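See below for the structure under consideration.
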Protein chains: 2
Amino acid sequence: MAHAYEFARPALTVDIVVFALDEEDLQVMLIERDLKPFEGQWALPGGFVRVDETLEEAARRELEEETGLKDIYLEQLYTFGDIKRDPRERVVTVTYYALVNLEGHDVQASTDARNAAWFSMNDLPKLAFDHKTILRAAHERLRGKVRYQPIGFELLPEKFTLRQMQHLYEVILDRELDKRNFRKKVLGMEIVKETKEIEKDVAHRAARLYRFDKRRYDKLTKQGFNFEI
Amino acid sequence: MAHAYEFARPALTVDIVVFALDEEDLQVMLIERDLKPFEGQWALPGGFVRVDETLEEAARRELEEETGLKDIYLEQLYTFGDIKRDPRERVVTVTYYALVNLEGHDVQASTDARNAAWFSMNDLPKLAFDHKTILRAAHERLRGKVRYQPIGFELLPEKFTLRQMQHLYEVILDRELDKRNFRKKVLGMEIVKETKEIEKDVAHRAARLYRFDKRRYDKLTKQGFNFEI
DNA sequence: TCAAAAGTGTTGGGCATACACCCATGA
DNA sequence: TCATGGGTGTATGCCCAACACTTTTGA
């Protein structure tokens, strides 16, 4: 095998698709670029991988530097390596997607003077580089994964109503679900635990709050149980 | 964003897990290393990514150089970036998995003087680097994917018996399937087309040969059909 | 005629879907 | 008392799983 230094090397970056959920729909965090190329356009948070950090460390570092978000659910998505995806030089990017709940995490609009903001997945601006492709891949992955892994809870606050949970699935799967069947299914799996609390400050009957029962979920999974919505 | 050249760069490689199926079980292609580190140990085929080729091009090039295999099913798996995964220097590897049918492709034991060979997944040698981890990830992905995407056909010859197809799923999923239910399901989906031929040279009643009906599968998929074994 | 694998149907139970009304609460 | 969403049960059909015998063929 030839030694690496005989060849020019592609540069390596990470980019992160951060999803969140508001009352309306699925949101994604974008950064306004302050440098060429694509100056002034919106892009995914991300940056170069340092030689002394793993890929996930790089992703977490960039995310915190650019958006203030930390300690969130993060999972590798795909690695994009088209030759001309960055007009400056050859850059390969390892992408991640992250899920946050808006109640638990403050987003500092930015820590290094760049503008960070949430955008609805249904109303996206023009994006720099091939970030539109990346975003689409992330959305598809989320849609696929949420059906058989309980990652959806990462988008909900710690305590949530079943209606909120149903809404989450409706937004991600992009179709309506039947309220009674959804409740039957979720409660039947026993992966959420009812709390003694109810919603506050609503102008109608307050709904019961539940929380994800991870201990129970792990136990069921070990017994070959299959989470599927 | 700081410019890339301010930082030392990780090197970038591709590694490929090539699966095939013999009468017994799932096989994987390995290369015997002729250089340090891990000299004499078995490893996945792979090598450095050049600056003027995409990741998939790099994977296909390395695969052909090291095993003679070309024009095969290839899909990106995961990118591994642990800091010490290569003892020489920081190397990030983008991994792929490939599926071949043994009847359609000759494997030249090697084109550049190294030894290439098939190993049963149930009887693997000690592997170089973190290739054991990569192999495990590839096996899991295959197991998951084969159930809802018809990639299994890539491991079968063009014409195959339903028994062979069932055997394929049994090996990958690692459990026995009921013959009648399997046939009912597969034939009911109408994604295989019966040919006029039958097996040859068997010491018992010869089974009918079928072929995958990709045209039909694509049509069904567009209508929202869901392939699931 | 024997051995080996091909090929074939039915039944029962569980699960998903479809569907509509009363209840609790705050304004 | 009204508006709003919370909460609940049943009936139907479909799909999956379980299960055993006859047929064909070559040796």
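By convention in this document, chain letters (A, B, ...) are assigned in the order of the sequence lines, proteins followed by strands, and residues within each chain are numbered from 1. No experiment lies behind these values; they were computed from the predicted model shown.
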message: Please find the pair of heavy atoms, one from A:His167 and one from A:Asp22, that lie closest to each other, and give the distance.
response: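 Here A:His167 and A:Asp22 meet closest at CE1-O, 3.8 Å.
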
- request: Taking all non-hydrogen atoms of both residues into account, name the closest pair between B:Tyr97 and B:Ile151 and its distance.
  value: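 Residues B:Tyr97 and B:Ile151, closest heavy atoms: OH-CD1, 3.9 Å.
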
Whole Å only: how far is the [atom1] atom of [X] from the [atom2] atom of [N]?
| X | N | atom1 | atom2 | result |
| --- | --- | --- | --- | --- |
| A:Arg175 | C:dT17 | CZ | C1' | 11 Å |
| A:Met165 | D:dG7 | CE | C1' | 17 Å |
| B:Leu177 | D:dC19 | CG | C1' | 15 Å |
| B:Asp201 | D:dG26 | CG | P | 10 Å |
| B:Asp178 | C:dG9 | CG | C1' | 12 Å |
| A:Leu162 | D:dT8 | CG | C1' | 13 Å |

message: Can you classify the ring geometry of B:Phe227 versus B:Tyr217 as parallel (below 30°), tilted (30 to 60°) or perpendicular (above 60°)?
response: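 Plane angle over 60°, so perpendicular.
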
- request: Can you sort out which residues in residues 185-193 of chain A have a heavy atom within less than 4.0 Å of DNA chain C? Ascending by number, please.
  value: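 Within this stretch, A:Lys185 sit under 4.0 Å of the strand.
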
message: Heavy atoms within less than 4.0 Å of DNA chain C: which residues of residues 216-229 of chain A have one? Give them sorted by number.
response: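 Heavy-atom cutoff 4.0 Å gives no residues at all.
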
- prompt: How does protein contact run along nucleotides 20-27 of chain C, one letter per nucleotide 5' to 3', with B for base contact, S for sugar-phosphate only, - for none, heavy atoms under 4.0 Å?
  reply: B--BBBSS

- prompt: Do the side chains of B:Arg163 and B:Lys179 get nearer than 4.5 Å, heavy atoms only?
  reply: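 SC-SC contact between B:Lys179 and B:Arg163 confirmed.
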
- prompt: Taking C-beta and beyond as the side chain, do B:Leu124 and B:Trp42 meet within less than 4.5 Å on heavy atoms?
  reply: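 In short, these two side chains do not touch, never coming nearer than 4.5 Å.
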
Any A:Arg163 side-chain N or O less than 4.0 Å from OP1/OP2 of D:dG6: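 Yes, A:Arg163 has a side-chain N/O under 4.0 Å of OP1/OP2 on D:dG6.
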
query: Under 4.0 angstrom, heavy atoms only, what part of the nucleic acid is B:Arg183 near: base, sugar-phosphate, or nothing?
result: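 Base contact.
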
